[in-house]
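Right, one structure below, let's go through it.
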Amino acid sequence: MNATTSPPRATPPERIRFKLDGRSVKLDTRIHAARGDLADLALAGVLFSAHYARAVELTCVAAGAPVLASDTPKAQAVSELLRGESFHALDVTADWAWGFCGHDGYVGYVRRDALDSREAINSRIVTGTAPLFSAPDIKSPIADYWPRGARFAGEAEGDFFACADGYVHQRHAAPLDDLASDWVAVAQAYLGQPYVWGGRGHRGIDCSGLVQVALGQCGIKVPRDTDLQREGVGSPIAPDAALRRGDFVFFPGHVGIMTDGEHILHANAHWMSVVIEPLADLLGRLAADHADPILARRRIGA
């Protein structure tokens, strides 16, 4: 299949018997695929739905694809898929696929032409942006630009990785399992990128997206949104403990990463960019609306 070929339509699951005891539970539909007419088959027995579907795993073949709240181009973006990330489709129409992202279970709608058959991914982009060459030659036309964290199935060919879409220079990529260890350094690679609600690094990024991709490139999976990260990232820091490099500080609807004991790295709507600034400056801006702006401080490791 190529990017212009329609992905397979999810087939109805075989008949499965299950029993619901008591009332159907209320689930967080950001991370549980359930809507008025359809639910993920994995929720059968937990949530009552008129219809269930078994997810079909697809791969994002666009450099970046917004995950939207509804099936209209003007809908709000709730997240973003990067090239090579998986999407588990439960309902596919002529223009849209509804389902959930493979890396964090986040639910939404993705343009159908951004998805294709599942790929056996083995490489990832490790620079800020990687040109996709049309031939194994740095002077060849550029077919696309892939963002940091994009994934692909590549085979070494001289100085390049050959893939279905073109050629990526080996200076710009690494094996998928060649993980970073310093999430602060990874996050710093996004400095200057514009703040974009729902973004995860393709032309823009938001605060929780920055935390998620920085940790993800270190092999640490965390949820998508700040309230979920506040409970799912590391452990609480003791109230009397000083902050240090790599700590996470949570605010109402916001999160940042400490680069040392006094400075915070974050994607934010004040500067409309990824910046490093004194934590005291951020707290000063928030003080007008919040008596105690810090909701939580979390640390990964001892």
Side-chain angles (χ1 to χ4, degrees), residues 1-3 59-66 79-87 101-104 114-196 199-206 209-222 245-246 257 259 265-267 273-276:
M1 267 189 166
N2 56 47
T59 296
C60 177
V61 292
S79 192
E80 182 177 55
L81 284 172
L82 302 180
R83 203 273 171 221
E85 291 184 325
S86 65
F87 186 76
C101 303
H103 60 276
D104 61 6
L115 303 170
D116 208 332
S117 299
R118 179 182 178 184
E119 289 185 11
I121 303 297
N122 61 11
S123 305
R124 64 185 180 92
I125 302 300
V126 294
T127 55
T129 301
L132 179 68
F133 296 96
S134 56
D137 181 347
I138 61 172
K139 297 180 180 179
S140 66
I142 305 300
D144 203 351
Y145 292 90
W146 285 352
R148 184 183 183 98
R151 302 175 172 205
F152 62 98
E155 183 176 346
E157 184 176 320
D159 292 333
F160 294 83
F161 288 110
C163 59
D165 304 287
Y167 296 83
V168 176
H169 200 281
Q170 291 195 25
R171 295 287 190 188
H172 298 154
L176 192 62
D177 58 0
D178 185 6
L179 299 172
S181 59
D182 183 350
W183 54 84
V184 177
V186 174
Q188 286 175 324
Y190 293 86
L191 282 170
Q193 190 166 104
Y195 177 85
V196 173
R200 294 178 62 248
H202 177 239
R203 300 179 181 172
I205 198 163
D206 66 17
L210 179 62
V211 167
Q212 187 184 59
V213 298
L215 288 174
Q217 290 167 42
C218 294
I220 304 171
K221 291 186 176 183
V222 298
R245 189 176 189 275
I257 307 170
T259 58
L265 166 63
H266 59 142
S273 181
V274 179
V275 302
I276 297 174

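For reference, positions follow the sequence shown, starting with 1.
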- Could you check H202 against L82 for side-chain contact (heavy atoms from CB on, under 4.5 Å), going step by step and ending with a plain yes or no? CA-CA 7 Å; H202 177 239; L82 302 180; 4.0 Å; yes
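- For CG of L179, the number of neighbouring non-hydrogen atoms (other residues, nucleotides, ligands) closer than 6.0 Å is greater than 12.
- Here the NE2 atom belonging to H172 is positioned 14.0 Å from the OG atom belonging to S123, to the nearest 0.5 angstrom.
- V186 approaches A180 most closely through the heavy-atom pair CG2-CB, 3.7 Å.
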- Message: Applying side-chain contact (heavy atoms from CB on, under 4.5 Å) to V126 and D178, what does each step give before you reach the verdict?
- Response: CA-CA 10 Å; V126 294; D178 185 6; over 6 Å; no
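- Residue E85 holds its CD atom at 8.0 Å from OG of S79, rounded to the nearest 0.5 Å.
- No side-chain heavy atom of R171 sits under 4.5 Å from any side-chain heavy atom of T127.
- The salt bridge (Lys or Arg N to Asp or Glu O under 4.0 Å) search around D137 returns none, not counting sequence neighbours.
- Classification of R83 and D165 as a salt-bridged pair holds, one side-chain N sitting under 4.0 Å from a carboxylate O.
- Side-chain contact between P131 and Y145 is present, with at least one heavy-atom pair separated by less than 4.5 Å.
- Summarising the local packing, CZ of R203 is surrounded by 12 or fewer heavy atoms from other residues, nucleotides or ligands at distances under 6.0 Å.
- L265 approaches Q188 most closely through the heavy-atom pair CD2-N, 3.7 Å.
- The two residues C60 and A65 come nearest to each other via the heavy atoms SG-CB, 4.0 Å.
- The CD atom of E155 lies 10.0 Å from the OH atom of Y167; values are rounded to the nearest 0.5 Å.
- By the 4.5 Å heavy-atom criterion applied to side chains, F133 and V168 are not counted as neighbours.
- Shortest non-hydrogen contact noted between V274 and I205 is CG2-CG2, 3.5 Å.
- Side-chain contact between D206 and E80: absent, with no pair of heavy atoms (C-beta onward) separated by less than 4.5 Å.
- Residues H266 and V275 have side chains in contact (heavy-atom distance under 4.5 Å, counting atoms from C-beta outward).
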- Query: Can you list the steps and then say if I121 with S86 is a side-chain contact (heavy atoms from CB on, under 4.5 Å)?
  - Reply: CA-CA 10 Å; I121 303 297; S86 65; over 6 Å; no
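- To the nearest 0.5 Å, atoms CZ (R200) and CG (L210) are separated by 11.0 Å.
- Using a 4.5 Å heavy-atom cutoff, the side chains of Q193 and R148 are not in contact.
- Closest heavy-atom contact between I125 and P147: CB-O, 3.4 Å.
- Between atom CG of residue D144 and atom OG of residue S134 there is a gap of 12.0 Å, rounded to the nearest 0.5 Å.
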- Message: Please evaluate residues R151 and E119 with respect to the criterion side-chain contact (heavy atoms from CB on, under 4.5 Å), reporting the C-alpha separation (whole Å), side-chain torsions for both, the decisive distance (0.1 Å), and the verdict.
- Response: CA-CA 10 Å; R151 302 175 172 205; E119 289 185 11; over 6 Å; no
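- The shortest distance between side-chain heavy atoms of D104 and K221 does not fall below 4.5 Å.
- Panel note: side chain N122, backbone G154; a donor-acceptor pair is recorded below 3.5 Å.
- Scanning all heavy atoms of the two residues, the minimum distance from G246 to W183 falls at O-NE1, 3.0 Å.
- In this pair, W146 and F152 present their aromatic rings tilted. The plane angle is within the 30 to 60° band.
- One distance of note links CZ of F87 with NE2 of H103; it measures 10.5 Å at 0.5 Å rounding.
- Side-chain contact between C163 and L132: present, with at least one pair of heavy atoms (C-beta onward) separated by less than 4.5 Å.
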